[in-house]
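Notes to accompany the following structure.
First the proteins, then the strands, lettered A, B, ... as listed; each starts at 1.
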Amino acid sequence: SAVISQKPSRDICQRGTSLTIQCQVDSQVTMMFWYRQQPGQSLTLIATANQGSEATYESGFVIDKFPISRPNLTFSTLTVSNMSPEDSSIYLCSVIPGATEAFFGQGTRLTVV
Amino acid sequence: QQPVQSPQAVILREGEDAVINCSSSKALYSVHWYRQKHGEAPVFLMILLKGGEQKGHEKISASFNEKKQQSSLYLTASQLSYSGTYFCGTDASGNTPLVFGKGTRLSVIA
């Protein structure tokens with residue numbers, strides 16, 4: 001199993017600014033995943049973060065907009081850069097230790113005004 | 001590629017049964033099922049691996065037809081606590097991130 005501490009839980013940000021979201025896992029994992037979930041919608045994968053290498057981004061997501069750091073096997077950050085109201089969403093980190101069930105952080109509810 | 005879930009929404013009275021379907025256009029290694037309540041993170045229900053198995057957890061069970069790349073989640077004798085949005089998540093190789101369907105909103109009423 002895994003317990004993920006994600007912060008902040010919510011924030012209200014001005015357009016044009018950046019927010020960094022942190023996820024700390026209580027065990028070492030090879031991959032960490034970042035998802036975005038807009039209200040009433042499904043979870044959309046942003047990128048996969050591997051320790052020691054560049055993150056792998058999904059179509060429609062770019063590193064300049066969503067830079068990711070993965071300094072060790074228990075921690076990762078996602079930055080939402082130059083924010084606009086369209087970035088308002090819930091951002092979740094996730095891990096799948098042992099290729100079994102996925103565990104999620106509690107999410108960061110971001111509102112851009 | 002995003003799996004297709006059906007139905008999009010269903011309303012049940014307590015004690016009724018429901019089936020939620022998930023289908024993929026590509027070969028799968030596993031199918032996961034999660035339930036998410038409003039304002040909370042998704043919670044794991046079960047995982048089905050290729051090999052065409054069926055699993056059960058109290059009154060919630062699921063099947064996976066590997067040949068058809070389809071999975072179904074069965075909810076029997078529904079309870080109010082079953083309300084939420086159900087997502088299937090598919091994994092193509094056992095080492096890839098989950099791709100989630102659009103979800104099925106289940107409402108159980110008294």
_Heavy-atom side-chain contact between F33(A) and L98(B) under 4.5 Å_ = no

Taking every non-hydrogen atom, the tightest pair across [X] and [Y]:
| X | Y | result |
| --- | --- | --- |
| K102(B) | S42(A) | CA-CB, 3.8 Å |
| E101(A) | F44(B) | CB-CD1, 3.2 Å |
| I47(B) | T100(A) | CD1-O, 3.7 Å |
| A41(B) | G105(A) | CB-O, 3.4 Å |

Can [Y] be reached from [X] by stepping across I, L, V, M, F, W or Y side chains whose heavy atoms are under 4.5 Å apart?
| X | Y | value |
| --- | --- | --- |
| F75(A) | M32(A) | no |
| V43(B) | F103(A) | no |
| M31(A) | I96(A) | yes |
| V112(A) | F66(A) | yes |
| I20(B) | M46(B) | yes |

With a 4.5 angstrom heavy-atom cut-off, is it the side chain or the backbone of [X] that approaches chain B, or both, or neither?
| X | answer |
| --- | --- |
| L92(A) | side chain |
| Q6(A) | neither |
| Y35(A) | side chain |

*For the residue pair F104(A) and F100(B), does the interplanar ring angle fall in the parallel (under 30°), tilted (30 to 60°) or perpendicular (over 60°) class?*
tilted

Within the supplied structure, the quantity of interest is the number of heavy atoms (other residues, nucleotides, ligands) at a distance under 6.0 Å from [X] [atom1]; does it exceed 12?
| X | atom1 | result |
| --- | --- | --- |
| I109(B) | CD1 | yes |
| K7(A) | NZ | no |
| I11(B) | CD1 | no |

*Which bit of Q2(B) comes within less than 4.5 Å of chain A, counting heavy atoms only: side chain, backbone, both or neither?*
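Q2(B) touches chain A through side-chain heavy atoms alone.
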
*Measure Y34(B) against the heavy atoms of chain A and call it side chain, backbone, both or neither at under 4.5 Å.*
side chain

*Any idea which of S30(B), G89(B), G101(B), G94(B) has the most non-hydrogen atom pairs under 4.5 angstrom with chain A?*
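Maximum pair count with chain A is reached by G101(B).
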
